[in-house]
Every structure is written in structure tokens, then in C-alpha cells.
Protein chains: 2
Amino acid sequence: MADVAERAGVSTSTVSRTLRGLSTVSPEVRARVEQAARELDFAVSRHAASLVTGRTRNVAVLVPTLDSWFMGAALSGLALVLRAAGMELTVYVIPGMAERTAFFERLPARRNADALLVFSFDLTEEETARLDDLAMPVVYVSQHVAGRPSVYVDDVAGAVHGTRHLLNLGHRRIAHVRTVGADGFSFSSQERLTGYRQALTEAGLPLDDDLVVDTPPGDKRGAAEAVGRLLGLREPPTAVFAEQDEVAVAVIWTLRATRIEVPGQMSVAGFDDQPVAQWFDLTTVAQSPSRIGREAGELALSLIDEPDADRERHLVLPTHVIPRATTAPPPAPRNAPESRLPPD
Amino acid sequence: MADVAERAGVSTSTVSRTLRGLSTVSPEVRARVEQAARELDFAVSRHAASLVTGRTRNVAVLVPTLDSWFMGAALSGLALVLRAAGMELTVYVIPGMAERTAFFERLPARRNADALLVFSFDLTEEETARLDDLAMPVVYVSQHVAGRPSVYVDDVAGAVHGTRHLLNLGHRRIAHVRTVGADGFSFSSQERLTGYRQALTEAGLPLDDDLVVDTPPGDKRGAAEAVGRLLGLREPPTAVFAEQDEVAVAVIWTLRATRIEVPGQMSVAGFDDQPVAQWFDLTTVAQSPSRIGREAGELALSLIDEPDADRERHLVLPTHVIPRATTAPPPAPRNAPESRLPPD
DNA sequence: GTGAAAGCGCTAACAA
DNA sequence: TTGTTAGCGCTTTCAC
């Protein structure tokens with residue numbers, strides 16, 4: 001910066017003021033400084049600037065992986081918002097328990113970012129408390145954390161609508177296939193189960209635990225087993241509401257391999273609307289991770305500017321059912337009393 | 001850090017030395033300092049440290065998007081390597097031409113990272129030159145840049161093997177569907193076409209330009225048109241080698257919708273082996289973006305430590321064909337002279 | 001509207 | 001082995 005100052009014949013203060021766009025610089029001086037900066041290919045060192053301002057112009061995110069449709073889309077949305085605000089994005093990827101422990105022990109984001117977005121973890125009380133004394137805004141994404149700003153999709157309502165879609169088609173035996181990961185059921189997983197149950201109850205149907213089966217995510221074999229269990233039931237379902245599109249696709253795969261037609265003999269609906277849903281023409285409950293990312297980014301930015309605003313804000317994003325080709329009325333429709341069904 | 005020093009009854013220098021793990025600290029003092037640091041939840045400000053060391057302990061990546069299978073996997077691999085080295089990762093997402101211009105104009109990574117990884121852009125000479133005077137190692141990923149360190153997959157060889165797989169099944173009319181984006185054909189696109197042609201030529205087959213058709217990526221309609229063109233040919237192909245799995249899937253989709261059996265009447269192979277390939281049981285040429293990310297990260301780290309080593313290193317990663325259920329011998333096999341085919 | 005000077009939190013010489 | 005001191009490159013008073 002000293003070089004630029006010298007070349008423009010001004011002090012470094014003036015260069016600083018010019019480059020930050022402060023209006024207290026005369027036009028001629030501004031022009032001279034800008035030209036000098038351009039000629040010298042000068043870029044301000046964020047580090048030095050942070051040191052004195054205390055702001056890093058950097059937002060950190062904590063994610064379990066980068067390698068998923070959801071995270072890719074969410075971070076793309078977030079990146080968009082951050083770039084528009086002149087903020088940079090640093091990513092902490094925490095794939096396993098060891099890394100997670102290390103992260104919460106050292107909290108490396110401390111002082112090196114203006115805000116932290118925590119994606120898709122089901123945090124313990126301790127971890128949340130640890131983040132509380134981070135002295136920076138923390139936004140929780142894809143999870144509800146009481147008293148802290150959160151952004152998430154309305155999984156319960158989504159599952160209700162997805163299930164209702166099947167009910168409205170006339171299905172009465174509707175199964176739910178959910179995923180169980182290394183850490184047990186995720187938060188979304190539980191919410192979607194709740195929604196599924198709620199829709200059935202609303203429709204006056206009994207909750208049959210045999211109709212709820214588990215599978216590891218992204219595992220054909222697991223899905224095959226789950227489907228096998230459902231087909232082995234005395235009264236098998238006529239429709240499956242899967243917790244995620246990937247599971248739905250695996251279910252469809254298994255059914256077709258077993259020569260059971262979808263949707264002719266069995267309807268299948270998913271949740272997410274990720275690209276694979278289009279390839280399979282899958283009926284699904286759509287959410288927008290990219291919007292989640294954007295909203296979370298904007299919330300973080302607003303918290304950076306006004307640390308006290310929105311401190312407890314929960315932003316709940318909507319879903320919508322996209323009917324496609326994997327759901328249809330059941331093969332032998334029973335004479336269901338339509339009046340008892342709430343509208344889809 | 002002053003607080004920690006006071007609490008431990010030492011100078012800040014000693015705290016600094018301790019926290020950086022220098023061995024010139026006596027065990028008792030080290031213990032006191034570490035305890036004090038823990039009690040105060042102290043984390044070193046990377047900014048202040050960078051200011052004096054000139055090293056940021058941060059690696060920047062320039063990516064066109066985060067929202068793709070390839071980038072997700074590649075960045076996950078990269079993140080792994082970086083975390084192990086205690087480096088942080090900042091991501092610049094440049095989705096469009098405007099952002100790209102802005103990036104190369106301002107070069108915001110300058111002085112704010114120890115290395116830059118440039119993913120999947122076909123850079124112009126100017127842009128490359130611009131990165132040259134960035135005063136930090138720049139690693140080019142998924143592209144060949146003469147005289148600069150690069151990491152990429154061997155697209156030509158991959159396409160050769162993919163095409164040979166079809167040749168070995170007995171196909172003689174093999175089409176190639178490639179993608180054309182907003183910026184024209186990508187580098188990989190061209191390489192894969194080259195490999196396709198090379199395999200045909202090796203097999204003594206003529207190159208028929210009618211067998212090479214274009215489609216926008218991820219667009220069912222475009223794929224349908226492309227397939228239509230191929231089927232309308234006087235002598236239609238018996239197999240399609242698609243530039244990417246997504247295109248292959250779209251092609252299969254169209255074929256099946258047209259009641260053309262895959263692989264019974266038409267074989268289809270892809271390139272990438274992304275998850276959707278498994279769902280469709282797609283024969284494909286597999287590459288490992290996660291490995292690409294790891295290798296690129298390691299190359300960058302080595303360049304940071306030894307700026308002069310490996311300056312021109314090109315790391316070319318292998319691919320392999322995964323035969324699955326979408327390829328089979330052609331419906332009416334001609335009596336092809338097997339001896340002329342190179343081994344797969 | 002501009003400059004001089006102090007200092008942000010750290011590390012790296014140098015002394016002790 | 002430890003402490004003292006001088007800056008790293010910037011922003012921010014405070015004068016002018």
C-alpha cells in the first residue's frame with residue numbers, strides 16, 4: 001500500500017480511504033490512487049485489515065461433507081449471497097467423529113471469521129454451548145436449535161403433504177422407508193416420520209409399525225431388504241413414502257427387479273427432488289437447498305451487522321409436492337370415504 | 001495472547017513458541033502455557049500470524065460451481081488433505097462470465113492464500129498469465145496448462161477404452177454424444193471426442209461425422225433431439241458412447257421412451273461413474289474426482305513448501321471401464337474381424 | 001480533504 | 001530456555 005501511496009503521491013491513509021470507497025476523497029486524488037493501484041496490481045491484505053478492524057470479511061461453514069446434492073446446492077446458494085456482500089467463504093469439512101471432536105475442542109473459526117454456519121449436524125447441548133461463546137454469530141442450518149438463529153425446511157409439513165398425496169390417490173396401506181446412518185436417525189429423519197404419521201392419523205388410519213422400515217442410505221441391498229420385509233407382510237402396502245429420493249429410487253429399483261410395476265402395482269414417492277428424481281420421473285416432495293443456503297447467508301450477514309437482531313430467528317422454508325410418474329391410484333381401489341381426506 | 005502470557009506468567013514470545021510447538025520451551029512452562037490457553041479458550045489469530053510470517057495457512061480454490069458431483073467429490077478429497085496439513089480452505093465460486101472477469105481483474109486471492117487451485121476452467125492465455133504473477137503456487141485441475149503444474153484425468157485414454165469396450169462387443173456403428181455448454185466445448189469434451197475417434201481409427205473404422213451429435217448437458221429435450229438425429233440416419237448406430245453419464249442417462253431415457261431396448265437394440269456407455277450410473281446400471285468409464293482433489297492438494301502443499309519443485313509437473317490420472325448392464329453385443333452382429341481389434 | 005502517528009496481535013531477531 | 005524489541009500492512013484517531 002505504501003507503494004501505491006508513493007506512486008500516487010499521497011499518504012497511505014488516503015490510499016486506504018480511496019480503496020474502501022470512503023467519500024472523503026477528492027475526485028482527482030481518487031482517480032490517481034485508483035490508477036496507481038491498478039498499475040501495481042495492488043490488492044488489500046485482508047489479514048492486515050482484519051487485524052485492525054476486527055472484521056475478517058470471511059464467513060465460515062461447518063459441513064459434514066461436500067459430496068452430496070444437498071450440500072453442493074446449499075453452498076452454491078450461500079456463495080452467491082456472500083460474494084455479493086464481498087465476503088469470502090471458508091469451509092470446514094468434518095466427515096467423522098474424530099474431526100468433529102477436534103473442531104469443537106479447538107474451534108479454529110474463532111477470530112478467523114465473522115460468522116459461522118453449521119450445516120446438518122445434530123449437535124449436542126455441549127457443542128451448542130461451546131459455539132455460544134464463540135463471540136460471533138452462529139447460524140444453524142437444517143436443524144432446530146432453541147434460542148439460536150436457524151434455517152431449515154419444514155420436514156414435518158413436507159412429509160404430511162407427501163403422504164397426503166398418496167392418500168388422495170386412494171392408498172390406505174402406505175409404508176415409510178427411512179434411513180438410519182452411523183449416528184442413528186437424523187433430525188430430518190425424525191421429522192419426516194412424524195409428518196408421515198400425522199397425515200395417516202388425520203386420515204383416520206391406524207399407525208402400523210410394520211409399515212415403517214429402515215435402510216442405510218444409498219445402499220441397494222439395504223433397500224432390497226426393506227422392500228422384502230414390506231412385501232412379506234400379511235397385508236402389504238400399495239404405496240411407499242421414502243424419506244429421501246435416493247431411497248425411493250433404490251426401492252423402485254428393487255420393485256422393478258422383482259417385476260412389480262411402479263406405479264401400476266406399487267406407488268413410490270420420495271423427498272428432496274434431487275436430479276435423480278427427474279431421471280426416474282419420481283413423484284417427490286421438493287425442497288430447495290439453494291434457497292436454504294441463500295437465506296442462511298443473508299441471516300448471517302444481518303447478524304454480523306446487527307448482532308442483536310434476529311438472534312432467535314427461526315426461518316422455516318416450505319416444500320411442495322411434485323407429482324410425477326411413480327405414483328398412481330392403488331391397483332384394486334377400495335371404496336375409501338373421500339370426505340375424510342383433507343385436501344392435498 | 002497477552003492474557004495467556006500473563007496467566008501463565010511468561011512472555012508472549014513464549015506463548016507463541018509453545019502454541020506453535022517449537023521445541024525450545026521447557027516442559028513445565030509448556031504445560032503452564034497450554035493450560036492457560038485452554039482455560040481462556042485461546043485460539044491464535046491467523047490474521048495476525050500471517051501478517052508477520054507471510055504465510056496464511058490457507059489454500060484458495062477457484063471453481064465454476066459447487067453444485068455438481070465432480071466438484072463435490074473433488075473438494076471433499078482436497079479438504080481431507082488440507083485439514084491433515086492444518087490448512088484452511090477458502091472457496092471462490094465463479095458461476096458466470098461477469099464473476100470470472102471480476103475475479104481475474106481483482107485477483108482477491110492475492111496475499112490471502114498460500115496457493116490457488118483452479119478447477120475446471122478453460123483459461124485463456126491472458127488469464128493464465130494473470131495468475132502467473134500472483135506470487136503464489138497455482139495448480140490447474142482438470143485442464144492441461146503448459147509449463148504449469150496440472151492435475152487431470154486422462155480423458156483421451158478413457159474415451160479410447162470406453163469406445164473399445166463397445167468395439168469389442170462387436171459394434172461397428174458407434175455414435176458419440178457430446179455436450180456443448182455456454183462457453184462451447186470444454187477441454188474434457190474435446191479430449192473425449194479425440195479418444196473416441198482414436199479408438200475407431202485403430203479399429204480400422206471410418207470416422208462418420210453424422211455419428212457425432214451435440215446436446216446441452218442435463219437436458220432431456222436436447223438428448224431426445226440428438227437421439228432423433230442418430231435414429232434418422234440411413235445407417236443408424238448400434239451403440240452410443242456418451243461424453244458424460246448424465247448424457248448417457250438422458251439418451252437411455254429417450255430410447256426407452258421410444259421403445260428401443262437398452263442394451264437389446266442399442267448399447268449405451270457413459271463417462272464419469274457418478275452415482276446415477278449405478279442407479280441405471282450404466283456401463284461407464286470411471287474417474288475419481290476425489291483422488292483428483294487429493295492429488296491436487298498434495299501438489300499444492302508441496303509447492304508451498306518448495307516453490308521451485310514440481311513447477312511443471314503434470315499429473316495424469318487413470319480411468320477404467322466398468323462394464324454394467326447397458327452394453328451388450330449389437331442385435332444383428334456383423335461378422336467383424338476380431339483380430340483387428342486391440343484388447344480392451 | 002489529507003497526513004502523521006499509534007496500534008491491531010502476532011512472530012522473529014536479538015539479547016540475556 | 002526465555003524476554004525484549006521491532007515490525008508485518010493496514011485502519012483509525014486526531015491534527016491540520
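All values below come from the heavy atoms of this structure, side chains included, with hydrogens, waters and symmetry mates left out. The chains referred to below are lettered A, B, ... by the order of the sequence lines, with proteins before strands, and numbering in each begins at 1.
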- Message: Between A:Arg30 and C:dG1, is there a contact of a side-chain N or O with OP1 or OP2 at under 4.0 Å?
- Response: no
- Roughly how far, to the nearest 0.5 Å, is the CG atom of A:Leu123 from the CG atom of A:Leu131? 6.5 Å
- Task: Rounded off to whole Å, could you give me the CG-to-P distance for the B:Leu51 and C:dC8 pair?
- Result: 13 Å
- Item | Spacing of A:Leu22 atom CG relative to D:dT11 atom P, expressed in whole Å | 9 Å
- Nearest to side-chain heavy atoms of A:Ser16, which nucleotide of D:dT2, D:dT12, C:dT11: D:dT12
- Message: Check this one for me: any side-chain N or O of A:Arg20 less than 4.0 Å away from OP1 or OP2 of D:dT11?
- Response: yes
- Task: Measure from CD on A:Glu6 to P on D:dG9 and round the result to the nearest Å.
- Result: 15 Å
- Is a donor-acceptor pair below 3.5 Å formed from side chain B:Ser13 to base D:dT4, judging by atom type as modelled? yes
- Donor-acceptor pair under 3.5 Å: do we get one between B:Arg17's side chain and the base of D:dG3? yes
- Query: Taking the side chain of A:Thr12 as heavy atoms from C-beta outward, which of D:dG9, D:dT11, D:dT2 is closest to it?
  - Reply: D:dT11
- Quickly work out the B:Arg111 CZ to D:dC10 P distance and round it to whole Å. 4 Å
- Short side-chain N/O contact to C:dG3 OP1/OP2 from A:Thr14, under 4.0 Å: yes
- Query: If you check every side-chain atom of B:Val52, which of D:dT11, D:dT2, D:dG7 has the closest atom?
  - Reply: D:dG7
- Message: Regarding A:Arg32 and A:Glu28, does a basic nitrogen lie under 4.0 Å from an acidic carboxylate oxygen?
- Response: no
- Message: With a 4.0 Å cutoff (strictly under), does any side-chain N or O of A:Ser45 reach OP1 or OP2 of D:dG9?
- Response: no
- Result for 5'-nearest mapping on DNA chain C, choosing between A:Val25 and B:Phe42, is A:Val25
- Item | Nearest-Å distance for atom pair CG/C1', residues B:Leu40 and C:dG9 | 15 Å
- In whole angstroms, how far is the P atom of C:dG9 from the CG atom of B:Leu19? 16 Å
- For the side chain of A:Thr53 and the base of D:dT12, is some donor closer than 3.5 Å to an acceptor across the two? no
- Message: Mind checking if B:Thr24 touches a base, just sugar-phosphate, or nothing, with heavy atoms under 4.0 Å?
- Response: base
- Message: So if I apply the salt bridge (Lys or Arg N to Asp or Glu O under 4.0 Å) rule between A:Arg100 and each of A:Glu105, A:Glu127, A:Glu126, which one comes out positive?
- Response: A:Glu127
- Message: Would you say that B:Leu315 contacts B:Tyr152 through its side chain, given a criterion of any heavy-atom pair below 4.5 Å between the two side chains?
- Response: no
- Name the closest nucleotide to the B:Val29 side chain, picking from D:dT2, C:dG9, D:dT11. D:dT2
- Could you tell me the separation between the CE atom of B:Met1 and the P atom of D:dT2, rounded to a whole number of Å? 15 Å
- Query: So, B:Asp305 and B:Arg55, do they make that salt bridge, N to O below 4.0 Å?
  - Reply: yes
- To the nearest Å, how far apart are B:Arg55 CZ and D:dC8 C1'? 16 Å
